[in-house]
Amino acid sequence: MMTRWPSPAKLNLFLYITGRREDGYHTLQTLFQFVNYGDTVLIAPRHDGELRLTTPIAGVPDEENLILRAARLLMRCARETGRLPAGAGADLGVEKRLPMGGGLGGGSSNAATVLVALNHLWQTGLSEAELAALGIQLGADVPVFVRGHAAFAEGVGERLTPVSPPEKWYLVAHPGVSIATPVIFKDPDLPRNTPVRSIETLLNCEFSNDCEQIARKRFREVDAALSWLLEYAPSRLTGTGACVFAEFDTESAARKVLEQAPEWLRGFVAQGVNISPLQQAISGQAEPW
């Protein structure tokens with residue numbers, strides 16, 4: 001039987017680049033919050049030990065697809081520790097709503113949903129910490145989706161402290177371009193020396209994103225989207241882009257602005273949530289969307 005699992009988007013409410021390690025990775029401080037909008041991961045358990053991808057993504061080889069990589073990683077870990085039921089397998093698919101290269105964490109969220117949902121469906125019994133440790137092998141943003149709580153992240157994004165920022169309403173706008181993370185992080189003009197500050201200090205400062213000036217410089221569509229959105233509300237880039245977002249106190253206020261969006265700008269309205277819809281679905285507090 002096919003089961004449906006939420007794979008929510010995330011926003012970086014702020015993002016500061018604090019340094020660069022010898023291995024080339026950047027250190028950062030960022031605040032992750034989920035929104036109640038995203039992709040849907042589809043899983044049908046199999047009993048022949050096979051893993052099959054039912055929704056290939058054009059231009060992405062199966063061996064690079066994060067959904068399949070996550071399932072294989074969990075299967076290998078569970079098998080090595082003697083926790084994989086005989087014949088455990090799955091058909092895996094995704095209904096995509098989140099744009100690739102949008103800074104919303106779609107691929108990382110998909111991978112986390114597969115880890116959490118298959119751990120539940122196969123009853124492999126891995127702890128949240130064990131799943132997060134698997135997740136970091138797939139991408140720096142995967143652990144926050146696995147743990148399912150809004151978080152302050154440090155290091156390369158792997159050191160997480162749960163926090164509970166206000167659950168605002170957001171208008172999230174996609175300007176029609178895809179931004180590969182390395183494009184931003186390799187730019188020589190990217191700020192890399194923002195001072196490290198405590199979470200208490202950061203929560204009481206005006207939020208911003210160190211990647212924004214690079215995204216605006218290199219992608220005129222991002223610059224145009226932010227210029228339009230800033231006329232209505234505090235707005236900024238999420239992640240390394242390309243999506244931008246504005247925060248509002250009410251859903252109706254956000255929707256009123258979305259109705260005035262230019263034709264070239266696609267967007268959605270969603271509420272920030274500190275407990276991930278995936279966690280709510282696993283705990284039985286909400287139906288998968």
Side-chain angles (χ1 to χ4, degrees), residues 5-34 38-39 41 51 60 63-81 83-84 92 94 98 100-120 122 124-163 180-182 184-186 196 199 211 238-240 274-279 282:
W5 300 90
S7 183
K10 59 82 177 169
L11 295 176
N12 296 86
L13 301 187
F14 59 67
L15 175 56
Y16 306 112
I17 311 300
T18 58
R20 191 176 194 175
R21 306 192 314 191
E22 290 184 1
D23 61 8
Y25 283 95
H26 289 76
T27 57
L28 53 84
Q29 293 187 301
T30 190
L31 178 59
F32 289 112
Q33 189 180 47
F34 309 104
D39 298 337
V41 170
L51 291 172
V60 179
E63 60 270 18
E64 296 178 17
N65 188 294
L66 280 169
I67 288 175
L68 205 52
R69 287 178 60 200
R72 287 172 175 164
L73 188 60
L74 178 65
M75 177 178 278
R76 185 167 69 246
C77 176
R79 181 181 290 123
E80 290 172 352
T81 56
R83 291 184 278 189
L84 186 70
L92 304 156
V94 62
L98 302 177
M100 295 179 67
L104 299 173
S108 295
S109 182
N110 294 167
T113 293
V114 168
L115 291 174
V116 171
L118 282 181
N119 186 54
H120 175 79
W122 287 344
T124 46
L126 273 71
S127 68
E128 185 179 279
E130 289 174 305
L131 292 175
L134 292 180
I136 196 68
Q137 299 178 46
L138 300 167
D141 288 351
V142 178
V144 73
F145 286 107
V146 167
R147 292 191 177 275
H149 198 292
F152 173 55
E154 298 180 278
V156 295
E158 84 287 4
R159 292 185 356 235
L160 301 172
T161 302
V163 292
T181 298
I184 302 299
F185 279 123
K186 290 180 179 178
V196 174
I199 180 60
C211 299
T238 179
T240 55
N274 293 329
I275 303 299
S276 162
L278 175 61
Q279 282 293 330
I282 280 286

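Only this structure's heavy atoms are used, side chains among them; waters, hydrogens and symmetry mates stay out.
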Output a table of donor-acceptor pairs, distance under 3.5 Å, between side-chain atoms of residues 129-147 and any protein atom two or more places apart or on a different chain; print 'none' if there are none.
from, atom 1, to, atom 2, distance (Å)
Glu130, OE1, Ser127, N, 2.8
Glu130, OE1, Ser127, OG, 3.3
Glu130, OE2, Arg83, NH2, 3.1
Arg147, NH1, Glu128, OE2, 3.1

Practice problem: Nearest 0.5 Å please: distance from the CG atom of Leu31 over to the CG atom of Leu15. | Solution: 10.5 Å
Quiz item: NE2/His149 to CD/Gln33 distance, rounded to the nearest 0.5 angstrom?
Solution: 10.0 Å
Quiz item: With a 4.5 Å limit on heavy-atom distance, are the side chains of Thr238 and Lys10 in contact?
Solution: yes
Quiz prompt | Euclidean distance, Leu92 CG relative to Leu118 CG, rounded to 0.5 Å | solution = 6.0 Å
Under 3.5 Å, which donor-acceptor pairs link side chains of residues 150-162 to any protein atom two or more places apart or in another chain?
from, atom 1, to, atom 2, distance (Å)
Glu154, OE2, Gln29, NE2, 3.0
Glu158, OE1, Val156, N, 2.8

Practice problem: Indicate the atoms forming the closest heavy-atom contact of Ala111 with Ala70, along with that distance. | Solution: O-CB, 3.6 Å
Practice problem: Start with the C-alpha distance between Asn110 and Leu66, add both sets of side-chain angles, then the distance that settles side-chain contact (heavy atoms from CB on, under 4.5 Å), and finish with yes or no. | Solution: CA-CA 7 Å; Asn110 294 167; Leu66 280 169; 5.6 Å; no
Practice problem: Please test Ile282 against Trp5 for side-chain contact (heavy atoms from CB on, under 4.5 Å), starting from the C-alpha separation and ending with a verdict. | Solution: CA-CA 9 Å; Ile282 280 286; Trp5 300 90; 3.6 Å; yes
Quiz item: Could you give the distance from CD1 (Ile17) to OG1 (Thr240), rounded to the nearest 0.5 Å?
Solution: 9.5 Å
Exercise. Write down the atom of Gly148, the atom of Phe34, and the distance for their closest heavy-atom approach.
Key: C-CE1, 3.5 Å
Quiz prompt | Flag side-chain contact, heavy atom, 4.5 Å: Leu74 against Val114 | solution = no
Quiz prompt | Closest non-hydrogen atom pair, Thr124 against Ala78 | solution = CG2-CB, 3.7 Å
Quiz prompt | Within-4.5 Å side-chain heavy-atom neighbours: Asn119 and Leu126 | solution = yes
Quiz prompt | Check against side-chain contact (heavy atoms from CB on, under 4.5 Å), Asn12 and Phe32 | solution = CA-CA 5 Å; Asn12 296 86; Phe32 289 112; 3.5 Å; yes
Quiz item: Is there any salt bridge (Lys or Arg N to Asp or Glu O under 4.0 Å) pair reaching into residues 15-27, and which pairs are they, with sequence neighbours excluded?
Solution: Arg21-Asp23
Self-check item: Residue pair Leu104 / Leu11, side-chain heavy-atom distance below 4.5 Å
Solution: yes
Self-check item: Close side-chain approach of Glu63 and Leu68, heavy atoms under 4.5 Å
Solution: no
Quiz item: If you look at every heavy atom in Leu28 and Thr30, which pair is closest and at what distance?
Solution: CD1-CG2, 3.7 Å
Self-check item: Residue of the set Ser109, Ser276, Ser108 for which side-chain hydrogen bond (donor to acceptor under 3.5 Å, both in side chains) holds with Ser7
Solution: Ser109
Quiz prompt | From OG1 (Thr181) to NE2 (His26), nearest 0.5 Å | solution = 11.5 Å
